[in-house]
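One structure below.
Quick note on labels: first sequence line is chain A, next is B, and so on, each numbered from 1. All values derive from a computational prediction rather than experimental measurement.
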Amino acid sequence: MPPLWSEYLPHPWDLVAAGVTAAALIFAFVGASAFLAIWAERKVSGRMQDRLGPTRVGPLGLLQSLADGIKLVSKEDHAPAGADRFLFRLAPYLAFCASFCGFLALPFGAGVVGQPLGVAAFFVLAVLSAEVFGVVLAGYASASKWSLFGGVREAAQVVSYEVPRALCVVVPVCVAGTLDLNAVGNQQAGWVWNWNLFHDPFTFLAFVIFFITATASCKRAPFDLAEAESELVAGFHTEYSGFRWSVFFLAEYGSMFAVSGLAALLFLGGWHTGFLPFEPTAEWGFWAGAVVNVAAFIGKCWALVLVMMWMRWSLPRLRIDQVMMTCLQYFLPISCVLLVGVCLWQLLAPAWLTAATRYVLAFGSATGLVVMLAYAFRAPPGDAGPGRLPGAWAGRPTPLTAGRK
Amino acid sequence: MSLDVALFAVLAAVTAGSAVGVVVSRNVVRAAVWLLFTLVGVSLLYFLLGAEFVGAAQLIVYVGGTLVLVVFGVMLTAQGPLQSLRTRPAEWAVGGVLGAALFGLLAAVVSGATGTPGDDKPLPGAGPLGLGFLGVTNTPVAYLLPFEIVSVHLLVVLIGAAYLARAKRRAKP
């Protein structure tokens with residue numbers, strides 16, 4: 001953050017005011033994102049299941065989250081008889097604190113960061129890994145075996161998925177040579193092929209693995225074994241109601257945005273749009289550039305969160321042994337190979353090969369994306385004209401045409 | 001009173017208070033939660049001193065790793081005698097003597113320390129420090145060999161743990 005308050009307040013108090021401002025902005029971002037993401041989740045699921053989703057509350061149902069919130073706050077907030085009340089009440093806030101603190105070191109634009117840290121990538125990983133503690137405590141303190149199962153599964157899953165996730169973070173860090181997310185973002189300024197994603201084949205694959213393991217560590221489907229409602233009622237939050245339940249969801253959406261932001265910074269060019277060959281804050285002044293930067297960064301976060309929703313409503317949930325096997329037998333060795341591979345690439349690859357790889361990967365992915373979008377938005381096969389059947393049934397008689405000659 | 005001192009006072013009070021909580025709480029899981037606050041407080045003290053890497057390492061190793069495993073184990077075993085801990089007077093006596101001895105030792109060291117805290121020089125980050133310790137840059141001491149020994153040792157421990165925890169196959173008759 002630029003020194004906003006130093007003109008108005010004496011020395012120690014300007015730091016306090018800057019900290020309070022940053023915390024308030026981050027809290028507003030997390031709250032607003034969760035508000036919109038819950039609505040988007042319902043709209044996406046409705047779209048994928050051929051429903052409309054929420055339509056009644058506000059335009060396009062946009063105020064659905066507000067209605068949900070009012071309902072949740074007015075519900076009774078109670079704890080089960082056998083519960084450890086202190087821990088039961090504490091657990092949602094622990095989970096939320098962890099996912100909130102992840103944003104403190106996450107730059108939203110060039111210099112737009114709560115607290116610039118030299119080891120920001122490591123700090124974000126460390127803080128997000130503490131989120132599991134709230135979930136485990138919630139499972140234990142609920143005095144319900146379903147909750148306990150959910151908590152134990154969550155602990156096993158998150159502790160194992162942390163390892164490949166951290167290894168995949170090391171891959172772009174090897175390319176960047178620093179753990180400072182501001183510096184990592186600045187290195188990717190300019191065109192799309194400067195993004196770390198297209199640096200070499202290893203970072204390209206590392207992004208895919210990172211995204212999957214990050215989805216798993218946010219306990220999102222298809223890895224949502226902690227709440228598996230078909231087996232465990234609702235898993236670790238079975239016994240929660242009202243406000244504390246919604247704090248868990250705030251934490252879940254917060255950590256989704258935090259890992260998406262980390263992925264955007266490490267792989268997807270950070271706050272750069274990819275279509276401007278310069279750093280916007282350097283050319284247009286701090287505030288105008290910061291608006292463009294923050295918009296690009298939040299757009300990338302949202303794109304990744306929407307992919308997570310897309311995966312949630314497309315894929316069936318894995319079994320717990322499949323989840324653990326996927327991590328330990330596939331992701332862990334693959335990420336180790338990627339780490340060794342990127343080190344060798346940095347040491348051995350000649351200059352012409354690195355340049356060629358960048359362009360091939362960047363233009364190849366762009367072409368793939370365009371082809372995929374064109375395929376998705378092509379004319380639906382149902383449009384065969386009135387009175388005719390589409391696809392394999394073309395030309396066959398229908399009840400409408402059967403009588404006609 | 002400067003901002004640093006005020007923050008240190010708050011953090012130290014919270015850390016020490018939750019450490020007392022670890023000792024006096026009867027329930028094992030509650031003790032683990034107090035330990036969580038103690039460890040987070042210690043890592044925040046590191047951040048306050050400008051040692052960001054140590055602070056983040058404290059968080060990821062102790063809070064994200066060790067403590068989760070402690071709670072995980074306690075949840076599976078917290079029955080019978082471990083559910084509520086009763087401390088016998090002899091244990092209080094031994095613990096009190098050890099605690100007082102440690103406090104006396106630390107107090108003696110701190111009161112004997114000379115020199116003032118450094119001025120506001122920017123500290124070297126994790127990168128330069130790490131390269132310096134490994135002997136890549138020009139430093140009088142290089143710890144490359146101890147570093148390699150420690151990492152090979154950890155690898156051996158890892159393989160041993162995987163060997164012990166492997167699925168036992170029945171020997172063919």
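Residue-environment remark: CZ (A:Phe248) exceeds the threshold of 12 foreign heavy atoms within 6.0 Å. Sparse packing is recorded around CZ of B:Phe147, with 12 or fewer heavy atoms of other residues, nucleotides or ligands lying under 6.0 Å away. In this structure, A:Tyr93 places its OH atom where more than 12 heavy-atom neighbours from other residues, nucleotides or ligands lie under 6.0 Å away.
Between A:Phe123 and B:Phe47, the two ring planes are perpendicular [angle over 60°; tilted spans 30° to 60°].
Qualifying salt bridge (Lys or Arg N to Asp or Glu O under 4.0 Å) partners for B:Arg30, counting only residues two or more places apart in sequence or in other chains: A:Asp84. Annotation: salt bridge (Lys or Arg N to Asp or Glu O under 4.0 Å) contacts of B:Glu91 (sequence neighbours excluded): B:Arg88.
With chain B as partner, the option from A:Leu148, A:Leu117, A:Val158 having the largest number of non-hydrogen pairs under 4.5 angstrom is A:Leu117. Most heavy-atom pairs under 4.5 Å with chain A, from the set B:Leu67, B:Val61, B:Val40, B:Val63: that is B:Leu67. When each of B:Gly55, B:Ser43, B:Ala57, B:Ala32 is checked for heavy-atom pairs under 4.5 Å with chain A, B:Ala57 comes out on top.
Between A:Ala126 and B:Ala56, the shortest heavy-atom distance links the atoms CB-O, 3.5 Å.
Within the 4.5 angstrom heavy-atom criterion, atoms from both the backbone and the side chain of A:Val136 approach chain B. For A:Val132, the part lying under 4.5 angstrom from a heavy atom of chain B is the side chain only. Contacts between B:Leu36 and chain A at a heavy-atom distance below 4.5 Å involve the side chain alone, from C-beta outward. For chain A, the nearby part of B:Phe37 is the side chain; its heavy atoms alone come within less than 4.5 Å. Heavy atoms closer than 4.5 Å to chain B are found in the side chain of A:Leu90, but not in its backbone.
From A:Leu128, atom CG reaches atom CD1 of B:Ile60 across 9.5 Å, with rounding to the nearest 0.5 Å.
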